[in-house]
Amino acid sequence: MNNRLRILRAETGLSQGDLAKLLGVSRQTINAVETDKYDPSLPLALRMAKVFGVPVDAIFLDDWTPPEHRND
């Protein structure tokens, strides 16, 4: 899952440490999310959305498409 967390954080002038403190997580967690090494829990994703004032899907971009349904 791709995300725009780094872009949003930079636009608001927050460091990884600042954002981590606001969200109650470690700076390493923010780094892992930004580098696509960790997908955050739903509660954390919702908190991130609240911090930036955007919907969750404006931060996290899912390029998954469902398989076609077959009637075999």
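Fair warning: this is a prediction, and the values are worked out from it, not measured in the lab.
The cluster map of Ile, Leu, Val, Met, Phe, Trp and Tyr, joined by side-chain heavy atoms under 4.5 Å apart, puts V25 and L42 in the same cluster. No continuous path of hydrophobic side-chain contacts links I7 to V56 [ILVMFWY only; heavy atoms under 4.5 Å].
Applying the side chain to side chain donor-acceptor pair (under 3.5 Å) rule to pairs touching residues 47-63 yields nothing, sequence neighbours excluded.
The two atoms that bring P55 and A49 nearest to each other are C-CB, 4.1 Å, heavy atoms only.
Two residues are said to be in side-chain contact when any heavy atoms from C-beta on lie closer than 4.5 Å; E11 and F52 fail this criterion. Put simply, the side chain of T29 reaches to within 4.5 Å of the side chain of L44, judged on heavy atoms. Side-chain contact between M48 and L8 is absent, with no heavy atoms from C-beta onward closer than 4.5 Å.
No donor-acceptor pair under 3.5 Å is formed between the side chain of N3 and the backbone N or O of D36. Remark: side-chain polar atoms of R4 are paired, donor with acceptor, to backbone N or O of A58 under 3.5 angstrom.
Interatomic distance, CZ of F60 versus CG of L5, reported as 6.0 Å (0.5 Å rounding).
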Check: residues 14-23 side-chain donor-acceptor pairs under 3.5 Å, at least two apart:
{"from": "S15", "atom 1": "OG", "to": "G17", "atom 2": "N", "distance (Å)": "3.3"}
{"from": "S15", "atom 1": "OG", "to": "D18", "atom 2": "N", "distance (Å)": "2.9"}
{"from": "S15", "atom 1": "OG", "to": "D18", "atom 2": "OD1", "distance (Å)": "3.4"}
{"from": "S15", "atom 1": "OG", "to": "D18", "atom 2": "OD2", "distance (Å)": "3.1"}
{"from": "Q16", "atom 1": "OE1", "to": "R27", "atom 2": "NH1", "distance (Å)": "3.1"}
{"from": "Q16", "atom 1": "NE2", "to": "E34", "atom 2": "OE1", "distance (Å)": "2.8"}
{"from": "D18", "atom 1": "OD2", "to": "S15", "atom 2": "N", "distance (Å)": "3.2"}

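Here D39 pairs with nothing under the side chain to side chain donor-acceptor pair (under 3.5 Å) rule; sequence neighbours left out.
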